[in-house]
Amino acid sequence: MTNINELLKDLNPAQLQAVQHSPQIPLQILAGPGSGKTKVLTMRIAHLITNCYLPPWSICAVTFTNKAANEMRERLVKLIGKDNTGLIKMGTFHALCAKFLRRYAKYVGIEGNFTVCDADESKKIVAKLLKQHEEFLKDNNITMKEGSMLSMISKLKAKGLTADDALKKVAEFKKESDQERTLRHLRDQTKPDILEGKLGHVIATVYKEYEKLLRGSNSLDFDDLLLFGVKLFAQQKKASSWCQHVLVDEYQDTNTTQYELMRYIAQTSRCVTIVGDPDQSIYGWRSAEIENLANMKRDFPGTQEIYLEQNYRSTAAILAASMAIISQDKKRIQKTLNTSHPKGPNPVLRAFPIEQVEAGFIAAEIKRLVAFSGGMLNWSDFVVLLRFNALSRTIESALQKEGIPNRVLAGHKFFERLEIKDVLAYLQLVDNPAFVPAFTRVVNVPSRTVGEKTVAELLHRAEQLKISPLQVVERIVDGNIPDIKPPVKKKLGNFVGVIRDMRKFANEGMSPSKLIQALLDLIKYGEHLRKTQLDYESRWDNVQELINFAVEVENGMPVAAEKQMRDAEDAAHEELWGDDLGEWDADQVEDRSDTPLRLFLQASMLSTDTETPEDEKSKEKVTIATCHAAKGLEWAVVMIPAVVDGVFPSSRAEDVDEELRLLYVACTRAQGLLYLTHTTTRKVSGETMPQSISQFIAAVRSESKTRGTFAEDLPTLSLQERETLSKVLNGRPLPDEAEITQRVAEYQRTSRHPVWGPNAPFKDLPNAPVNGYGVPQRYPAAPVPEQHPRFPGNGRVLLPPQQQKPPQQQKPPQYHNQSRQLNPPQVPPMFIASSLVHFNDTHRSGIVRNAPQSTSSASASASAARKPPSNGLTVSTATPLTSSSGRVVNAAMTRALPTGNDLRNWIVQPGSHRGPTADESPSKGKGKAKAVEQRPRSPVKLEPSPVKLEPRPVKLEPPSAALPAVVRPKGKTSTTAVKTEPSSTPSVHPPHPQARRPTFPPIKPEPCTVFPPIKAEPYTGPDWGRPAMPIGRLPGLVKMENSSACVSGLQLHRSSPRSSPADGRPSSSGPSFPSSSSTASSSTSSPAAPSADASAKSTAVKRRLGMGRATGGYTNKKFKPMMPGGS
DNA sequence: TTACTACTTATTTTT
DNA sequence: TAAGTAGTAA
Ligand SMILES: Nc1ncnc2c1ncn2[C@@H]1O[C@H](COP(=O)(O)OP(=O)(O)OP(=O)(O)O)[C@@H](O)[C@H]1O
């Protein structure tokens, strides 16, 4: 365990100021990306415990994701030890609420065994309800899908509106005629409320019915967790009396209900610290309210702000590019963000004809960077950030083809699979017999010949008798009530038996993992899968993986600590409040609400597969994730494909600025290298359409000041660049030259690259003759890529350049129309699929000749080329092409488009996952490779580049002059760790009605109408300057000398090894799929089979294991390469 | 009434 | 790509 006060010395003055800020003065730490916000928050927690003597259990730390919570725990273990860390109330708002609601459920009118209803089930419920309103909707010409209905309900809940509130509002609105309302909106320039009009009526009604169904099922959805949490803390002050400090990370993304939660949890201590960055608010679609910053100032008078202005994460070039992007948000308040690192390579911006080539580039470039960095970069240093998950397909297969191990973070996907849901539904039903969605899911799994009609009848009967459908079945089977129309008594006897057996096991305290195994045996689930699913083997693997997950949860469960903590809390409560707040009623408090089964089910509902256990994560893998999931994380190299209109911003986006911020968040994840790529075409229902670059990037390119932020040329990883990389990667050791030489040689021998190297097919295409592709295009005034240094050995033995780049000069912005000297073709014809197009060396005016197999779309495009562009299909004017004859042309106009398959063939040899060797001609069987080798190379031509090397530090924006540094940092004795200038001056602002330097657009705080205001009461708590209690008597504070238990500090909570406790072997390799000969009962208890190859694991297992979709190609010899054209 | 096969359709972002 | 849906045989 490290002494926290030693570590404090590494902070810069502003950071230190934030950490040591007086606990009782509410604090907002507002700072840009990479400024150490999370680090400061973590240190502040440690400081509060170590130096301010707050007991750990009195601290509430709220993170945005479970993963963030786990990471913070890991960091804290090193600072304050495992035991103390375990006592801190840390987690997402949802997880924290669930925890309290289990215990105090009765106080808010629910049962402690409530089931968390996931979005899928909610959707089904809403869909059913919507059907009942089908006609009304049709009559009123309203189309409403369950998805949007659910998000409407969610929006209402996020604002704290109950169904009754919504109905009341609808009634209010009904007093006004449609016309009056329209007029009012016109007059006041207001947007219609979602509860207005006929639709509002339906929404409120469905909301009400939905709530009724959930309550009837003893179930809470995600939003309910928060709403009932608020209810609990609002009604029961003693539920939050333990809390002496609330800290909230990613505050800019909290919604109204979450804010209310924070307010209530902090109601007794009034001690709050939040960190956030308005520029990184990307959850507006989930009702996040940036106004919460203002609300906090309103409700916590005396709130002070501290700004952190030093970025420690990224190179200056990356930061400059990020600033160029975010600056387009005109409503944004300008902020200072200083770099701590050298400029580094320019972020790369590249265009590609189609998605597959783009993905191929990403894969090839990752490989190249690993080689050219001499292994300084490894797979886990790379992330591909996507706007949405569906984009991962192409990337995954490209990485797979190159044999690059990868993992896809796809949120909750694993738990959405049918085999997982089946098993969970059984367990849910065992834990909560009233949970109807689980009942309907599993009554007929495996088939008991109980179909739709029968189930409907059971539900109907349940409603009549006011009991749960499970109870109906039980009573029928027991003979207590008559059977229903399609008789069921015989068919469901076994079902009831299963549930009862399981119930018994659970009550006897059987662990969730064992319960699952028992269930699998009881219902012969393996057999059922084999009968019903084609891919039963992979599904069975998934079930096994669920067992592993259960074991993981079991290992992370609090054992005795929980009881100990409660005793400590009670003692403290007594000490602090005496009888003032009243006692808990023993009848109402559920002491045994945290059963292992319940905790497991809850973890299944609340966790995402982002939280891959440490041992799996540490296996080197490229990460593929959405930009949203990347929040708060960092990687050495970030690649963002599909930076096109319709994706960034999404064509469905309601708030374009939020999309801009999302791109900003994605870019600022990068430490050393950043790549944005885009395609020039896209497929729309089989038709190839031109695709324009993201408006956000087009704007950066058209602005003279920011024009040079992105470059087309790839980083050479010169010594200087490697040194910069080493620096941003916290001093990672530089590779030695021999290593580089060897790796580069190996790379050259085995790999191909669409852009890099003399024969690269998609290299510098604008200079090449028109070749029939929607080619990568030269951007106006883009820095001209300098010639890649040539290496000896004619493309065989390549070494990265040791010298620095030649000095680069400013080049005047170059637009079309300039007759430029054209280089001889640099694109060898071998890469232009011979079947598609030929280009003519001497005649460079862009003749497109369709080859035999050319698709109709290719010829269509070719002929379209002669027509003027029409109906909005033009490529963005920001990216005109300079044709070889110097005209400005449109990509779509001039290029015949290849089919995906044709192009794919040129990126990676189909069927080869390691790339072609030198001998394997890229155009296998086409006999063109030799010709390529003999083709004369283009003369080396160094063109001036407009890239200006700025002196560092790069001050990206002038510091606000209006910055009144009212509170100076306390005298700092040691020198700061701020490596480079300029050290940021902490700026602490006193509360001021019109803060002179607001960090968000001025917002008039709205009176909170939904929740009753908390009475501001005189503070009666302990004096924070001194220990609240004599240290020796502090109940929960574990002595810190006892550090042996946390030396490594890493085996906390969820980091349990992923192996079965019994044999130590990975338990995912446990029971193989029960063969038809083996009896079902022996299937799950049979000894573990030898571990299968990673590639043998099912897709979903790999996903949950963070192995990506199919990564076997990397290490696994059994890996079967993809068939050409297959997917 | 249920079970099976073939076709359709939806995929922004997440707790 | 995988889940839901419609249509048909048993
Ligand atoms: N004083 C410091 N000296 C050196 N490195 C620091 C310092 N403060 C923070 N860092 C490093 O900067 C990086 C970013 O820190 P952190 O993730 O806490 O930033 P953040 O402000 O939370 O970023 P974001 O807003 O993007 O989530 C981390 O790698 C961290 O170790």
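Every chain is numbered from 1, with letters handed out A, B, ... down the list of sequences.
In this structure, the CE atom of A/M605 is 16 Å from the P atom of B/dT14, given to the nearest Å. Straight-line distance from the NE2 atom of A/H628 to the P atom of B/dT14: 7 Å, rounded to whole Å. Separating the CD atom of A/E396 from the P atom of C/dA2 is a distance of 11 Å, rounded to the nearest angstrom. Regarding A/L227, its CG atom lies at a distance of 18 Å from the P atom of B/dT15, rounded to whole Å. Per the geometry, CG belonging to A/D253 stands 11 Å off C1' belonging to B/dT14, to the nearest Å. The nearest whole Å value for the distance from the NZ atom in A/K67 to the P atom in B/dT15 is 11 Å. Rounded to an integer number of Å, the gap from A/L225 CG to B/dT15 P is 13 Å. If you measure from atom CZ of A/R286 to atom P of B/dT13, you get 13 Å, rounded to the nearest angstrom.
Both stacking criteria are satisfied for A/W285 over the base of B/dT13: a centre-to-centre distance under 5.5 angstrom and an angle between ring planes under 30 degrees.
A/Q691 places a side-chain N or O within 3.5 Å of a backbone atom of A/D645 that can act as its donor or acceptor partner. Judged purely by atom type and a 3.5 angstrom limit, A/E419 has no side-chain atom pairing as donor or acceptor with the backbone of A/V543.
In summary, the aromatic rings of A/H628 and A/W285 are positioned with their centroids under 6.0 Å apart. Note: A/F233 and A/F100 meet the aromatic proximity criterion, with ring centroids under 6.0 Å apart.
The A/N389 side chain lies nearest to B/dT13 when the options are C/dT1, B/dT13, B/dT15.
For A/E121, the side-chain contact (heavy atoms from CB on, under 4.5 Å) partners at least two apart in sequence or on another chain are A/C117, A/D118, A/K124, A/K421, A/P437, A/R441. Checked against side-chain contact (heavy atoms from CB on, under 4.5 Å), A/K123 has the following partners two or more places apart in sequence or in another chain: A/E146, A/L150. In this structure A/R448 satisfies the side-chain contact (heavy atoms from CB on, under 4.5 Å) test together with A/Y426, A/N444, A/P446, A/V450, A/L492, A/N494, A/F495, A/I523, sequence neighbours excluded. Legend: residues meeting side-chain contact (heavy atoms from CB on, under 4.5 Å) with A/D535, ordered by chain and number and at least two apart, are A/Q533, A/S538, A/R539.
As judged by a 4.0 angstrom heavy-atom cut-off over every strand, A/F64 is placed among residues touching the sugar-phosphate backbone only.
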Considering only nitrogen or oxygen atoms on both sides, find all protein atoms under 3.5 Å from nucleotides 3-7 of chain C and state each distance.
residue	atom	partner	partner atom	Å
C/dA3	OP2	A/R539	NH2	2.9

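For the pair A/E396 and A/R393, the salt-bridge criterion is not met [side-chain N within less than 4.0 Å of a carboxylate O].
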Under 4.0 Å protein heavy-atom contacts per nucleotide of nucleotides 1-9 of chain B, with B for base, S for backbone only and - for none = SSS------

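Mapping A/E659 and A/F93 onto DNA chain B via the closest heavy atom, the residue that lands nearer the 5' end is A/E659.
Checking the phosphate oxygens (OP1, OP2) of B/dT15, no side-chain nitrogen or oxygen of A/T65 falls inside 4.0 Å.
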